[in-house]
Amino acid sequence: MPQLAYVNGRILPLADASLHIEDRGTQFGDAVYEVCAVMNGHILDWQPHLVRLRRNLAELGIVLDIADGPLTLQARRLIAANGHAECIIYMQVSRGTAKRDHAFPGAAPANLVMTVRRFDFAQRLRQLETGIAIITQPDNRWGRVDIKTTGLLPNVLAKQAAKQAGAFEAWLVSGDTVREGSSTSAWIVKDGRIITHPTGTAILPGIARDSLIRLAREAQLVVEQRPFTLAEAMAADEAFLTSTTAPILPVVRIDGQAVGNSTTGGKTGPIVRRLAELTWNEVARQTGWRA
Ligand SMILES: Cc1ncc(COP(=O)(O)O)c(C=O)c1O
């Protein structure tokens, strides 16, 4: 069965799906997007993703002329048409197609596209055992990275640097503060306290981040939302990352150095294990999915 995509109300083969070359997403990165996990055919955390999408559209003044109900139906239709029980759905809304001009076009309707890709979530449970390595890169993004725009060039370059270094992710560091990963939220654990950068304009408010804060607090664990330095990360007991496509992964090496003390260093730690249990139980609660 060919892969199917959604373009402005139509579902069609991915190979035939396209936008005009003067789509403002292409020319200006004038577009926002969401990526959602689908497990067992159910979209995880759909409501928070919708809320974030609406907030981002409002921040940029992009008018998307489809209400939440029909949008949800279209997303579900595309998922069902592709027939993958485990996949990710990508949704992108640009300000529309118009003659190239920086200022907003008058009457161009927004362009909404969606694609679905099969995704192996079970690999994340295997990686929970091994942990992953990250490198650090300077955070040279613009001042509103809380808006999830398709203008991702600094993130792309940072991720490529990580790949070339044989690492899973790059943590973006501003001054001496760790902000977040190129496509993931960044966390450390010190003396039983779970620490992650506060929301605001300097990080993307991750849906997985938000969900984990809630789950951790419900389990009586201490979460601090405060900036932390690279030195703190290097001296942390444990470190990890979260995202839609990597719900929780232990970070066991930072710039080649093992995380944690000399006996437990470089291995998955107890708090990350506990948080992973909470995370995957929540996935099972919402979607029924178990590896
Ligand atoms: C820069 C950045 N930070 C964090 C995240 C994690 O966000 P979420 O948990 O919503 O996937 C992403 C996801 O793409 C991201 O691009």
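Each ligand, and each atom within it, is numbered from 1 in the order the structure gives.
- Between the side chains of D146 and T201, no donor-acceptor pair is found at a separation under 3.5 Å.
- Under the 4.0 angstrom criterion for non-hydrogen atoms, G181 is in contact with ligand 1.
- Distances below 4.0 Å separate heavy atoms of S243 from the following atoms of ligand 1: 6 (C), 9 (O), 11 (O).
- Every N/O-N/O distance between R141 and ligand 1 stays at or above 3.5 Å.
- Between S185 and E180, the side chains place no donor N or O within less than 3.5 Å of an acceptor N or O (distance only, hydrogens not considered).
- Checked against a 3.5 angstrom limit, the closest N/O atoms of E180 and ligand 1 fall inside it.
- In this model, no donor atom of one side chain and acceptor atom of the other lie less than 3.5 Å apart for Q225 and T196.
- Considering only non-hydrogen protein atoms, atom 7 (O) of ligand 1 sits nearest to G206 CA, 3.4 Å.
- At least one N/O-N/O distance between T244 and ligand 1 falls below 3.5 Å.
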Per-pair distances, 0.1 Å, donor-acceptor, side chain in residues 56-66, under 3.5 Å, sequence neighbours excluded:
unit_1 : atom_1 : unit_2 : atom_2 : d
N56    : ND2    : R52    : O      : 3.2
E59    : OE1    : R144   : NH2    : 3.2

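- Residue contact check for ligand 1: E34 places no non-hydrogen atom closer than 4.0 Å to it.
- Summary of contacts: the protein heavy atom closest to atom 16 (O) of ligand 1 is S183 CA, 3.5 Å.
- Between A208 and ligand 1, an N or O atom pair is found at a separation short of 3.5 Å.
- Under 3.5 Å, the side chains of Q27 and R24 contain no donor-acceptor pair of N or O atoms.
- Q3 and N82 are not linked by any side-chain donor-acceptor pair at a separation below 3.5 angstrom, with hydrogens and angles left out of the test.
- In terms of polar-atom proximity, P205 is not counted as a contact of ligand 1, lacking any N or O under 3.5 Å from an N or O of the ligand.
- Under the 4.0 angstrom criterion for non-hydrogen atoms, T184 is in contact with ligand 1.
- At a cut-off of 3.5 Å, with distance as the only test, a side-chain donor of D255 or T136 sits close to an acceptor on the other residue.
- No side-chain N or O of Q123 forms a donor-acceptor pair with one of R126 less than 3.5 Å apart.
- Geometrically, ligand 1 and S185 share no nitrogen or oxygen pair separated by less than 3.5 Å.
- In terms of protein heavy-atom proximity, atom 14 (O) of ligand 1 is nearest to K148 NZ, 2.9 Å.
- You'll find the ring centres of H102 and F28 inside the 6.0 Å limit.
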